[in-house]
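Written out below as structure tokens is the structure these notes cover.
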Amino acid sequence: WFQQIDPNGVLTKYTEALHREFSSLGELVAALEPKSTRGKSVLSWVEPSVFDALGVTSLGHKLMIAKGIAALSEEGPAE
């Protein structure tokens, strides 16, 4: 999944944590905030605990992951 959202491979360093913390991509989609509480930024759509669990601190990496999760849900930005 990281390869799909990040062809350059920058996010591959989070692969081990992704497999350890989430048994399926569906669990990532479940971490989306309810539509009624989402802000305008796609970052606000994802529960912050996802980034903590993956060890993501870079804002750019968080943005790529948030966009990827939103795209998985077929509700958000695919770009």
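For the single chain, residues carry numbers from 1 onward in sequence order.
Nearest heavy atoms, L43 versus F51: CD2-CZ, 4.2 Å. Of all the heavy atoms in A53 and A17, the pair that sits closest is O-CB, 4.0 Å. Closest heavy-atom contact between P48 and E33: CD-OE2, 4.4 Å. When every heavy atom of V42 is checked against every heavy atom of K67, the shortest pair comes out as CG1-CG, 3.9 Å. G68 and I5 get closest at one heavy-atom pair: CA-CG2, 3.7 Å.
Cluster annotation: V10 and L54 are assigned to distinct hydrophobic clusters (Ile/Leu/Val/Met/Phe/Trp/Tyr, side-chain heavy-atom contacts under 4.5 Å, transitive).
The side-chain heavy atoms of W1 and L11, taken from C-beta on, include no pair separated by under 4.5 Å. Side-chain contact between L28 and V46: absent, with no pair of heavy atoms (C-beta onward) separated by less than 4.5 Å. Residues L25 and V29 have side chains not in contact (no heavy-atom distance under 4.5 Å, counting atoms from C-beta outward). Side chains of H61 and K13 form a contact here, defined as non-hydrogen atoms less than 4.5 Å apart.
Atom CD of E27 and atom CD1 of I69 lie 11.5 Å apart (nearest 0.5 Å). Residue F2 holds its CZ atom at 4.5 Å from CG of L18, rounded to the nearest 0.5 Å. Put simply, OG on S41 and CG on L63 are 7.0 Å apart, with the number rounded to the nearest 0.5 Å.
The salt bridge (Lys or Arg N to Asp or Glu O under 4.0 Å) test applied to E16 returns R20, not counting sequence neighbours.
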